[in-house]
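Data first, discussion second: the structure below is written as structure tokens.
Bear in mind the structure is a predicted one, so any value in this text is a computation, not a measurement. Values below: every heavy atom of this structure, side chains too, minus hydrogens, waters and symmetry copies.
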Amino acid sequence: MACGIDPKKSIIFLQSDVPAHAYLAWILSCCTPIGWLERMTQFKTKAKAGRRKIASAGSFTYPTLQAADILAYRPDFVPVGEDQKQHVELCRDIVNRFNNLYGNYFRPPELLMRTLGARIMGLDDPSRKMSKSTAETARNHAIGLLSNADEVKRIVSAAVTDSAAEVRVGNSSPGVANLLTIYQCLMGSSQPELEVEFNGKNYGYLKRKVIERVNETLLAIQQRHSHLTADGGHYLRELLRTGAARASEIAESTVRDVRVRVGAGD
């Protein structure tokens, strides 16, 4: 909400407050081949290097829960980052299999993914996606939405670049390209505007501009966050309660329909 989601237009709730998600996930898991789940990149990453025996069943079947999170509301589109593209594609496969087995019911949802900034990389390692879990152990990996100005300056100043002397928009190393992407996303600049502003400038200049723009963006978010939490969370708790009730009405309707189709209800 602090970033701009309007609760008058969007239902906001905690997933765990809507049990229909877990119920639908179980039904979907019963028509999802094991081979499909074994191909999921995130699970393969967790299970690699001899760790397969200790990788959890939850991480293996998580994509079916994610499919249930989506399909409970029968959407036309799913807005995601690039790292979730494979999971949405799996969701579409599950839809097709379910429809083939039990008759057409779900619509295969379409990906809704931005062309710029669909994958922001770690500032300490531009070969890895920026991740909240990584940020818990790597001090200069990511910028949090509630990071203060000094933290932003420290993290961006330490961001990986390369040994070149100046910025070359469109022909940059991964670390420099990542900083340019962050700036371009926050400014809404076109590629030609980015070239005019940065081509030939040194990395210190680029980092100063990124720091300025990130802090301006975060200040507005943090001010709204402070306003939303000023009453100790009462407003947010009530919003989540009413949101869960509205979401449950939709999700439970879907589960009732699915139960009838698979022969588990009437």
Yes or no on side-chain contact (heavy atoms from CB on, under 4.5 Å) for Gln184 and Glu193, after CA distance, side-chain angles and deciding distance? CA-CA 9 Å; Gln184 189 175 5; Glu193 289 172 334; over 6 Å; no
For Cys91 and Ile70: C-alpha separation, side-chain torsions, deciding distance, then whether side-chain contact (heavy atoms from CB on, under 4.5 Å) applies. CA-CA 8 Å; Cys91 177; Ile70 295 168; 4.2 Å; yes
Tyr23/Val258 under side-chain contact (heavy atoms from CB on, under 4.5 Å): CA gap, chis, key distance, verdict: CA-CA 10 Å; Tyr23 197 115; Val258 168; over 6 Å; no
Could you check Lys209 against Glu197 for side-chain contact (heavy atoms from CB on, under 4.5 Å), going step by step and ending with a plain yes or no? CA-CA 10 Å; Lys209 297 298 287 186; Glu197 183 167 6; 3.3 Å; yes
In sequence, state the C-alpha distance, the side-chain angles, and the governing distance for Glu249 and Arg246, and then conclude on salt bridge (charged side-chain N to carboxylate O under 4.0 Å, His left out). CA-CA 5 Å; Glu249 185 177 349; Arg246 293 171 63 196; over 6 Å; no
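Note on Glu82 versus Lys85: no salt bridge recorded, every NZ/NE/NH1/NH2 to OD/OE distance being 4.0 Å or above. The pair Asp76-Arg107 counts as a salt bridge, with a side-chain nitrogen and a carboxylate oxygen less than 4.0 angstrom apart. Taking the charged nitrogens against the carboxylate oxygens, Glu238 and Arg241 do have a contact shorter than 4.0 Å, which makes a salt bridge. Ion pairing of Glu38 with Lys44 is absent here, as no side-chain N (NZ or NE/NH1/NH2) approaches a carboxylate O to less than 4.0 Å.
For Gln84 against Val80, the heavy-atom pair with the smallest separation is CB-CB, 3.8 Å. The minimum heavy-atom distance between Met130 and Met121, with the atom names listed, is CE-O, 3.5 Å. In plain terms, the two heavy atoms of Ala2 and Leu228 that are nearest each other are N-CD1, 3.8 Å. Residues Ala244 and Phe13 approach most closely at N-CB, 3.6 Å, considering heavy atoms. Contact record, Gly122 with Asn178: O-ND2, 4.0 Å, taken as the closest heavy-atom pair. Considering every non-hydrogen atom in both Met40 and Pro63, the closest pair reads CG-CG, 3.8 Å.
Contact annotation: the side chain of Ile94 never approaches that of Phe106 to less than 4.5 Å [non-hydrogen atoms, C-beta and beyond]. Annotation: side chain of Asn140 is not in contact with side chain of Leu123 (no heavy-atom distance under 4.5 Å). The shortest distance between side-chain heavy atoms of Pro7 and Tyr235 falls below 4.5 Å. Residues Leu71 and Pro109 have side chains in contact (heavy-atom distance under 4.5 Å, counting atoms from C-beta outward). Under the 4.5 Å side-chain criterion, counting only non-hydrogen atoms from C-beta, Asp257 is in contact with Arg74. With a 4.5 Å cut-off on side-chain heavy atoms, Thr181 and Cys185 count as touching. With a 4.5 Å cut-off on side-chain heavy atoms, Ile182 and Ile143 do not count as touching. The side-chain heavy atoms of Leu206 and Thr161, taken from C-beta on, include no pair separated by under 4.5 Å.
Annotation: Trp26, atom CH2; neighbour count of heavy atoms from other residues, nucleotides and ligands within 6.0 Å does not exceed 12. At most 12 non-hydrogen atoms from other residues, nucleotides or ligands lie less than 6.0 angstrom from CZ of Arg128.
Between Arg154 atom CZ and Asn148 atom CG the span is 9.0 Å, to the nearest 0.5 Å. For the atom pair Arg237 CZ and Leu239 CG, the distance stands at 12.0 Å (nearest 0.5 Å). Atoms CZ and CD1, from Phe60 and Ile34 in turn, are 5.5 Å apart once rounded to the nearest 0.5 Å. To the nearest 0.5 Å, atoms CZ (Arg97) and CG (Leu90) are separated by 11.5 Å. Once rounded to the nearest 0.5 Å, the distance linking CD of Gln222 with OG of Ser147 reads 7.5 Å. A distance of 5.0 Å separates CZ in Arg256 from OG in Ser253, rounded to the nearest 0.5 Å.
Of the possible polar contacts, none joining the Ser172 side chain to the Ala177 backbone as a donor-acceptor pair under 3.5 Å is found. Counting only distance, with no hydrogens or angles, the side chain of Arg261 and the backbone of Tyr105 share no donor-acceptor pair below 3.5 Å. Side-chain atoms of His141 never come within 3.5 Å of backbone atoms of Asp125 as a donor-acceptor pair (strictly under, hydrogens ignored). Put simply, the side chain of Ser248 never gets that close to the backbone of Ala245: no donor and acceptor are under 3.5 Å apart. Remark: the backbone N or O of Thr41 is paired with a side-chain donor or acceptor of Gln86 at under 3.5 angstrom.
Residues Tyr205 and Val176 are members of one and the same hydrophobic cluster, defined by side-chain heavy-atom contacts under 4.5 angstrom among Ile, Leu, Val, Met, Phe, Trp and Tyr. Under a hydrophobic-cluster definition in which Ile, Leu, Val, Met, Phe, Trp and Tyr are linked whenever side-chain heavy atoms come within less than 4.5 Å, directly or via other members, Leu194 and Met187 are assigned to the same cluster. Residues Leu112 and Val95 do not share a hydrophobic cluster, clusters being chains of Ile/Leu/Val/Met/Phe/Trp/Tyr side chains in contact below 4.5 Å. Hydrophobic clustering of Ile, Leu, Val, Met, Phe, Trp and Tyr side chains at less than 4.5 Å, counting indirect connections, unites Leu145 with Val214. Residues Leu28 and Tyr73 do not share a hydrophobic cluster, defined by chaining ILVMFWY side chains whose heavy atoms lie under 4.5 Å apart.
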